[in-house]
Amino acid sequence: TDKMGKKGKGTGSFGKRRNKTHTTCRRCNKKSFHIQKSTCASCGYPSAKKRTYQWGQKEIRRRTTGTGRMRYMRDLPRRFKNGFQEGKQAAKKEAAPAS
């Protein structure tokens, strides 16, 4: 008789689990990309729109704009203030006369 019991979903069945269903997603970098479906369970890749739901407010907060480095958007307010000027040399300031 088989003492391990491989019929249910419990301990005995865990020895049979050797196939990977999910691998790393290239957009969100989580191990949520379903290989057979070719869809990410976390971000919805390859869909153009990111997968978000209103019942997951905390998750939206975790991945929204401003949680990363923002290499482009970080200095936009300053560039906007100066009219997006490029390739100009700053005008030299006159030294104030010593009194």
Within 6.0 angstrom of [X] [atom1], more than 12 heavy atoms from elsewhere:
{"X": "Arg74", "atom1": "CZ", "value": "yes"}
{"X": "Met70", "atom1": "CE", "value": "yes"}
{"X": "Gln85", "atom1": "CD", "value": "yes"}
{"X": "Phe84", "atom1": "CZ", "value": "yes"}
{"X": "Arg71", "atom1": "CZ", "value": "no"}
{"X": "Gln57", "atom1": "CD", "value": "yes"}

Side-chain heavy-atom pair [X], [Y] within 4.5 angstrom cut-off:
{"X": "Ile35", "Y": "Thr21", "answer": "no"}
{"X": "Cys43", "Y": "Cys25", "answer": "yes"}
{"X": "Glu86", "Y": "Arg79", "answer": "yes"}

**Asked** Do you know the tightest heavy-atom contact between Pro46 and Thr39?
**Response**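 Scanning both residues completely, I find the closest heavy atoms to be CD-CA, 4.2 Å.
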**Request:** Please confirm whether the backbone N or O of Lys31 pairs with a side-chain atom of Thr24, one donor and one acceptor, at under 3.5 Å?
**Result:**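 Side chain of Thr24 to backbone of Lys31: no pair is present.
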**Request:** Say whether, by atom type as modelled, one donor and one acceptor occur between the side chain of Ser13 and the main chain of Thr11 under 3.5 angstrom.
**Result:**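 Side chain of Ser13 to backbone of Thr11, a donor-acceptor pair under 3.5 Å: no, none is there.
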**Message:** Please verify the inter-ring angle class for Tyr53 with Trp55; under 30° counts as parallel, over 60° as perpendicular, anything in between as tilted.
**Reply:**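 Tyr53 and Trp55: parallel rings.
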**Request:** For the residue pair Tyr45 and Phe33, categorise the inter-ring angle as parallel (less than 30°), tilted (30 to 60°) or perpendicular (more than 60°).
**Result:**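 The arrangement is tilted - the two ring planes meet at 30° to 60°.
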From [X] [atom1] over to [Y] [atom2], what is the distance, rounded to the nearest 0.5 angstrom?
{"X": "Thr67", "Y": "Arg61", "atom1": "OG1", "atom2": "CZ", "value": "12.0 Å"}
{"X": "Lys50", "Y": "Cys40", "atom1": "NZ", "atom2": "SG", "value": "11.5 Å"}
{"X": "His34", "Y": "His22", "atom1": "NE2", "atom2": "NE2", "value": "5.0 Å"}
{"X": "Leu76", "Y": "Arg78", "atom1": "CG", "atom2": "CZ", "value": "9.5 Å"}

**Item:** Glu59 vs Lys30, salt bridge (charged side-chain N to carboxylate O under 4.0 Å, His left out): CA-CA, chis, key distance, verdict
**Value:** CA-CA 13 Å; Glu59 189 59 31; Lys30 282 187 174 182; 3.5 Å; yes
**Prompt:** So, Ser32 and Arg51: side-chain donor and acceptor under 3.5 Å apart, yes or no?
**Reply:**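 Note: Ser32 and Arg51 side chains miss the donor-acceptor criterion.
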